[in-house]
Amino acid sequence: MNASQCRAARGLLGWSQGQLAGEAGIAVRTLISFEGEERVPRRATIDAMREALEAAGVEFIEENGGGAGVRLRKV
């Protein structure tokens, strides 16, 4: 997951940075730094954010020639 995918995923869910940080068990400042592309957090931190977003229904689309992205899972 990259920073733009994270921002887009939060947007699809209507989540604030505080909400994602709470769901992932990370500091809000860590998320702000990641989404602002100031620094890349540890792999475990990215995994925690991704798992929280996936549990809420986000699917991550890997780079496939058209660019990486996100979408909501069909119910």
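For the single chain, residues carry numbers from 1 onward in sequence order.
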Between [X] and [Y], what is the shortest heavy-atom contact and its length?
X	Y	value
Leu53	Ala9	CD1-CB, 3.8 Å
Gly18	Val28	CA-CG2, 4.0 Å
Gln19	Ser16	N-OG, 3.0 Å
Ala21	Leu31	N-CD2, 4.1 Å
Gln5	Val70	O-CG1, 3.7 Å

### Query
Hey, are Arg73 and Glu59 close enough for a salt bridge, meaning a charged N less than 4.0 Å from a carboxylate O?
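Answer for the salt bridge query: no.
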### Task
May I ask you to decide if Val58's main-chain N or O and Glu54's side chain share a donor-acceptor pair within less than 3.5 Å?
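Flag not set: sc Glu54 to bb Val58 has no pair under 3.5 Å.
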Identify, with sequence neighbours excluded, every residue that meets side-chain hydrogen bond (donor to acceptor under 3.5 Å, both in side chains) alongside [X].
X	answer
Arg43	Asp47
Arg7	none
Glu51	none
Glu37	none

### Message
Hydrophobic clusters here meaning ILVMFWY residues chained together by side-chain heavy-atom distances under 4.5 Å, can you tell me if Leu72 and Phe60 are in one?
### Response
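Yes: a chain of side-chain contacts under 4.5 Å links Leu72 to Phe60.
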I want to check something: taking the side chain as every heavy atom from C-beta on, are [X] and [Y] in contact at a cut-off of under 4.5 Å?
X	Y	answer
Cys6	Leu20	yes
Phe34	Met1	yes
Ile46	Val40	yes

### Task
Please check if atom CZ in Arg39 has more than 12 non-hydrogen atoms from other residues, nucleotides or ligands closer than 6.0 Å.
yes
### Query
Between OG1 of Thr45 and CD1 of Ile26, what distance do you get to the nearest 0.5 Å?
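If we round to the nearest 0.5 Å, Thr45:OG1 and Ile26:CD1 are 6.5 Å apart.
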#### Entry: Partner residues of Arg29 under the salt bridge (charged side-chain N to carboxylate O under 4.0 Å, His left out) criterion, sequence neighbours left out
Glu38
#### Entry: Pairs where residues 10-23 contributes a residue and the test salt bridge (charged side-chain N to carboxylate O under 4.0 Å, His left out) is met, not counting sequence neighbours
Arg10-Glu35
